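Scroll down for the structure; my scribbles are underneath it.
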There are 2 protein chains.
Amino acid sequence: MELLQLRYFHEVAQTQHMTNSAKRLGVAQPALTQAIRRLEGELDAKLFERAGRNIRLTPCGEALEAKVAPLLAAFDEIPLAIAQAKGQERDTVRIDVEAATSMTVDAIAVFRATVPQAAFVINQANSEARWDVRVRTVTPGGGGKPDARTSQVFRERICLAIPKEQAKGKSVCLADFADAPFVCLAGTRGFRGVCDELCLKAGFAPNVVFESDSPDVVRKFIALGLGVGFWPERSWGALEGSDVVLVPIADPGFARDIVVETAKHPFGQKAAEFHALLLEFIRRRMGEADS
Amino acid sequence: MELLQLRYFHEVAQTQHMTNSAKRLGVAQPALTQAIRRLEGELDAKLFERAGRNIRLTPCGEALEAKVAPLLAAFDEIPLAIAQAKGQERDTVRIDVEAATSMTVDAIAVFRATVPQAAFVINQANSEARWDVRVRTVTPGGGGKPDARTSQVFRERICLAIPKEQAKGKSVCLADFADAPFVCLAGTRGFRGVCDELCLKAGFAPNVVFESDSPDVVRKFIALGLGVGFWPERSWGALEGSDVVLVPIADPGFARDIVVETAKHPFGQKAAEFHALLLEFIRRRMGEADS
DNA sequence: CATTATTACGAATAACGTAACGATG
DNA sequence: CATCGTTACGTTATTCGTAATAATG
């Protein structure tokens with residue numbers, strides 16, 4: 001049961017005339033007859049019957065025509081739908097955000113104010129899905145391979161958020177917090193993964209008393225003084241609560257790289273524009289930039 | 001854009017895996033790749049893109065899948081729909097009724113009481129449409145060719161309906177009604193055609209003062225005594241009104257044949273049963289039967 | 001006898017399968 | 001190096017078109 005046969009059938013069902021339909025279809029009459037015959041054989045039902053010199057739909061043929069007509073119309077819409085999808089895609093930006101979420105959504109808000117017709121599809125660390133722009137975080141020296149893709153790296157220090165009264169100098173040593181309660185993000189990738197990796201290198205094992213997969217919750221716990229926690233210097237914004245301060249860590253290597261990647265080949269015009277804006281946006285907020 | 005290509009595409013879109021899909025489809029992997037490539041070429045859009053070792057739907061591919069999936073499901077229903085139509089047709093009787101309408105519908109009522117699941121499709125003298133049973137009327141000797149099809153003929157006299165006081169004998173001569181007002185059916189086929197033909201043969205020209213395409217209206221006019229009119233002896237039933245009588249016509253040839261035909265080949269079981277009942281029904285009402 | 005649908009047969013097109021290749025983790 | 005997708009090429013199968021045949025009014 002091929003699509004061409006059904007198109008032929010539909011045409012003949014409308015005109016109830018082989019010769020005329022053959023002309024309109026641009027094929028020879030025998031080809032039409034054969035195609036109809038094949039269809040009848042596959043469906044095991046007579047679709048037309050002779051009525052004098054002409055032919056006429058059988059009841060089965062009428063049933064088939066009722067089924068087929070709307071389907072063929074739907075098929076003819078497919079190329080249009082594809083073209084629309086292709087056109088729409090030019091204004092769609094697909095983002096895979098694994099870090100720096102708040103900065104990214106802020107950038108999106110700014111972008112949409114400038115380009116209202118832009119559409120966004122945002123996944124969180126779902127590497128299966130397609131993405132035009134991706135924001136990840138890696139350890140500075142570590143396995144973070146910048147990849148063959150165009151990428152841009154911003155480095156920032158990882159600080160420790162501690163109660164104000166414990167802040168004695170310009171920086172702190174982790175060893176002083178061997179027994180302190182830690183509040184951490186949950187999960188293995190992103191910021192948590194970087195912190196775990198760095199602690200491992202420094203030979204330090206934080207006493208994690210509370211975890212959450214929401215940075216906002218972690219922020220609140222730290223702000224309430226319930227524990228200390230790692231905190232990126234800038235990208236997460238200032239900590240609320242006046243009795244908590246952010247101090248650099250004296251131990252070496254406590255920093256992270258935020259990597260902004262763009263898909264290799266095909267990404268729409270608006271994705272490129274957004275990428276440029278996102279880089280500028282992050283650069284301004286971070287105050288420092290490295291490639 | 002062939003149906004097979006779309007089936008292949010649908011399968012691959014679901015698994016996002018060429019090799020597995022090829023196995024499930026029972027074709028070689030290269031054939032799958034080629035089919036997808038052809039489809040992409042026709043639609044002028046990339047449908048899949050490489051994601052590492054595997055492949056992934058592009059946005060256009062997702063749009064196509066959304067369009068195609070329900071259509072393929074609908075196509076798979078076609079054979080079932082045809083089978084249903086074929087089965088249902090066994091209990092459907094298609095009738096083309098050009099004469100003896102009241103008797104036919106009475107027969108249908110009787111038949112349905114016996115076989116409730118039977119369905120009827122009734123057209124009035126629409127020879128284009130398909131019919132299993134056909135009821136026509138022809139002049140006895142005339143061009144009415146009983147056809148190669150199985151047919152059954154019932155002959156009845158055509159009488160004249162006249163006011164009772166004018167009825168002087170057992171029959172009347174048309175010449176006596178040369179100036180009488182006639183009430184006739186409109187149209188050229190059926191009973192009217194037979195009457196016109198017979199009058200022409202008899203060298204008689206009725207003075208038609210009123211025509212209607214509805215036998216019921218004609219019946220009323222005659223019953224009210226507004227004119228005289230031709231009336232089949234039995235098949236239209238008795239005339240209402242006690243001051244009108246039905247008298248035979250002395251002029252020769254005033255009769256009509258009611259022809260019941262059955263379609264040559266394919267008509268369902270119930271159509272055959274109804275045909276038998278209709279013949280018996282008419283035979284009983286007419287009192288006389290000829291083949 | 002003119003028109004319409006069907007059958008027969010040769011030719012062209014397109015799909016498939018095997019094998020070799022390229023890419024990727 | 002093992003797996004997956006792609007390209008190359010020879011083979012097979014299906015479909016189409018021309019011509020001849022049958023049926024119908």
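Convention: sequence-line order gives letters A, B, ...; per-chain numbering from 1. None of these values were measured; they are calculated from a predicted model.
One interatomic measurement links the two molecules: CG of Asn20(B) to P of dG5(D), which rounds to 8 Å at whole-angstrom precision. Taking atom CG on Leu4(A) and atom P on dA14(C), their separation rounds to 12 Å, with Å as the unit. Across the protein-nucleic acid pair, Asn54(A) atom CG and dA23(D) atom P stand 17 Å apart, rounded to whole Å. What separates CZ of Arg38(B) from P of dT7(D) is a distance of 13 Å, to the nearest Å. As a whole-Å value, the separation of Gln29(A) CD from dT6(C) P is 11 Å. In this structure, Gln5(A) atom CD and dC16(D) atom P are separated by 8 Å, rounded to whole Å. When rounded to the nearest whole Å, the span between CD of Glu2(B) and C1' of dT14(D) equals 12 Å. Straight-line distance from the CZ atom of Arg56(A) to the C1' atom of dA5(C): 15 Å, rounded to whole Å.
Closest approach to the Thr33(A) side chain among dT15(D), dT6(C), dG5(D) is made by dT6(C) (side chain taken as heavy atoms from C-beta onward). Which of dT6(C), dT4(C), dA2(D) sits closest to the side chain of Arg53(B) comes down to dA2(D). Closest approach to the Val27(A) side chain among dG17(D), dG5(D), dA2(D) is made by dG17(D) (side chain taken as heavy atoms from C-beta onward). Set against dG17(C), dA5(C), dA2(C), the side chain of Thr19(A) has dA5(C) as its closest nucleotide. Proximity note for Arg50(A) (side chain, C-beta onward) versus dT6(C), dA2(C), dT6(D): the nearest is dT6(C).
Minimum interatomic distance between Leu4(A) and Glu2(B) (heavy atoms only, all atoms of both residues): N-OE1, 4.0 Å.
Residue Ala28(B) is classed as a base contact, given a heavy-atom separation below 4.0 Å to a base. Looking at heavy-atom distances under 4.0 Å, Leu32(B) makes no contact with the nucleic acid at all. In this structure, Tyr8(A) reaches the sugar-phosphate backbone alone: every heavy-atom distance under 4.0 Å involves primed, P, OP1 or OP2 atoms, never a base.
Looking at Val135(B) and Val259(B), their side chains never come closer than 4.5 Å, going by heavy atoms from C-beta outward. Side chains of Glu42(A) and Gln5(A) form a contact here, defined as non-hydrogen atoms less than 4.5 Å apart. The closest side-chain heavy-atom distance from Cys199(B) to Phe230(B) is below 4.5 Å. For the pair Leu57(B) and Gln16(B), the minimum side-chain heavy-atom distance is below 4.5 Å.
Between Met18(B) and Gln34(B), the one whose closest nucleotide on DNA chain D sits nearer the 5' end is Met18(B).
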